[in-house]
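Hydrogens, waters and symmetry mates are skipped; everything else that's a heavy atom, side chains included, is used.
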2 protein chains.
Amino acid sequence: MDRSQIPDIVIGRLPLYLRALRHLEQAGFQITSSQDLGERLGISPAQIRKDLSLFGEFGKQGTGYTVSNLITELKRILNVESDWPVALIGVGDLGRAIANYGGFTHRGFSIEYLFDNDPEKIGTEIKGVPIKAIEEITETIKEAKVKIAMIATPAEAAQAVADMLVEAGITAILNYAPISISVPSHVQVEYTDPIVHLQQMAYYLT
Amino acid sequence: MDRSQIPDIVIGRLPLYLRALRHLEQAGFQITSSQDLGERLGISPAQIRKDLSLFGEFGKQGTGYTVSNLITELKRILNVESDWPVALIGVGDLGRAIANYGGFTHRGFSIEYLFDNDPEKIGTEIKGVPIKAIEEITETIKEAKVKIAMIATPAEAAQAVADMLVEAGITAILNYAPISISVPSHVQVEYTDPIVHLQQMAYYLT
DNA sequence: TAGATTGTTAATCGATTAACAATC
DNA sequence: TAGATTGTTAATCGATTAACAATC
């Protein structure tokens, strides 16, 4: 099916399937079923089958899905067969934790560029990646043709940084700063803000 | 309207409204409109009015909404008028960043309990909060009647920690570990995993 | 008054689920 | 063969949007 007519909400579930499948693989399971996956993820089996069917026929009646095969297919569909280089802007406590996190590699991403505006930090490195000055964002990213960036600056700086990133050719931004940023329509933005999740749960607390 | 029949998806948007309103307040705006809020958030004005109308009439025809008033109402609705005590389990790079992050207070949460299994860390403190041993989770949380916890352990430990938390009386868990955990139905779980967001965006990259 | 914006209804749109033939 | 599970259709369910009377 034409990629452009797959609902966004389906794309959002594929990484969850992939994550669950990796754990199954790690645990030694070679096959699984929509039923099994659904139970693990809290998603109905029908929905999982429907989602996957938009991209092809990956299962076998009476048997289910081969874990390794479905992983390969999902990685291909999601465009994460190899790791994309990623730029991280803001190397405070959070940025440092992100840069040190080993979980990006082999899942589609590799943090290869770090930027901060603190002269004390510029020139130092994390895991072999040097921290550069904010002023170097445009040139560095343009030259390296980086497409993905993460913003881990304070809220006040996020919009200005986003503007620089867009200017430099970034087309996907994961924003850790607790503020909505505005970008041209050809640029994707995703947000990660723990407060939003916590407040959502607080609603149901007594 | 009866709290229990408000759609989940609406509750999920209220924290976004609240966050945008706080920024408006900070920037000195005293009134706003569904149009204005919608533009900032990328949500239709009709949807914002519809969402709010489920809880009452907070606006004025021809004028819009008073920022401070809507903030007050949303905080009341979301149950975050004062800060809930929160326990954080796992004080590695990420846990440390979370514990040092100042953005929880006054937004409904206050990290007051830290746990880790590293003897080197146990007994030390972050921002005045002592790091306790994992073994003390049950007693500490039970005694203090803490309801909310965040898991920032490695994936392998997450399920075991979740089990202890549930046993201790926790009813809301924010899971930073990249794995689905299973808990009884009276316990809420939210996930925050940057890989999921990044993979979702990677799909659209060329 | 004129203009603006709410709150709400009804229509539309889209997502989820139930069910089952196909088939391994 | 009998049992299990897929892929897919049609029905259901729920969420979003358009439109407008009410009214500030």
Inspect the contact between E25(A) and R22(A) and indicate whether a charged nitrogen and a carboxylate oxygen are less than 4.0 angstrom apart. no
Side chain of I9(A) (C-beta onward), nearest among dC24(D), dA15(C), dT17(D): dA15(C)
Reckon S44(A) has a side-chain N or O less than 4.0 Å from the OP1 or OP2 of dT17(C)? yes
Nearest-nucleotide pick for K50(A), side chain only, options being dA19(D), dT6(D), dT17(C): dT17(C)
Scanning both residues in full, the closest heavy-atom pair of D83(B) with F109(B) reads OD1-N, 3.3 Å
So what does P45(A) touch, heavy atoms closer than 4.0 Å: a base, only the sugar-phosphate, or nothing? nothing
Can you identify which nucleotide, out of dT8(D), dA19(D), dT5(C), has its nearest atom closest to the E57(A) side chain? dT8(D)
Whole-Å gap separating P (dA4(C)) and CG (D36(B)): 15 Å
Minimum heavy-atom separation for S34(A) and I48(A), please, with both atom names. O-CD1, 3.8 Å
Check ion pair E139(B)-K142(B) (N to O, under 4.0 angstrom): no
Candidates dT8(C), dT16(D), dT6(D) - which lies nearest the side chain of Q61(A): dT6(D)
Closest listed nucleotide, where the reference is the side chain of K60(B) and the choices are dT6(C), dC24(D), dC20(C): dC24(D)
Round to the nearest Å and state the distance from F58(B) atom CZ to dG7(C) atom P. 8 Å
Separation of Q5(B) atom CD from dC13(D) atom P, in whole Å? 17 Å
We want to know whether Q47(B) and D51(B) form a side-chain donor-acceptor pair, criterion being a heavy-atom distance below 3.5 angstrom. no
Below the 4.0 Å mark, does dT5(D) have OP1 or OP2 next to a side-chain nitrogen or oxygen of S34(A)? no
Look at Y65(A) and dC24(C) and indicate whether a side-chain polar atom (N or O) is within less than 4.0 Å of OP1 or OP2. no
Rounded to whole angstroms, how far apart are CD1 on I43(B) and C1' on dA15(D)? 13 Å
For Q35(B) and dA18(D), give me the distance from atom CD to atom P, rounded to whole Å. 12 Å
Which residue lies toward the 5' end of DNA chain C, G64(B) or G62(A), if each is placed at its nearest nucleotide? G64(B)
With a 3.5 angstrom cut-off on both distances, give the Watson-Crick or G-U wobble partner of dT23(C), or none if there isn't one. dA4(D)
Using only side-chain N and O atoms of R13(A), determine if any of them is under 4.0 Å from OP1 or OP2 of dT16(C). yes
Side-chain N or O of T63(A) less than 4.0 angstrom from OP1 or OP2 on dT5(D)? no
Separation of dA18(D) atom P from R49(B) atom CZ, nearest Å, is 11 Å
Could you state the CG-P distance from L54(A) to dT8(D), rounded to the nearest angstrom? 10 Å
Can you tell me the distance, in whole Å, between the CD atom of Q47(B) and the C1' atom of dT6(C)? 16 Å
Are side-chain N/O atoms of Y204(B) and D8(A) paired as donor and acceptor at under 3.5 Å? yes
According to the Watson-Crick and G-U wobble definitions, with both distances under 3.5 Å, which nucleotide is paired to dA18(D)? dT9(C)
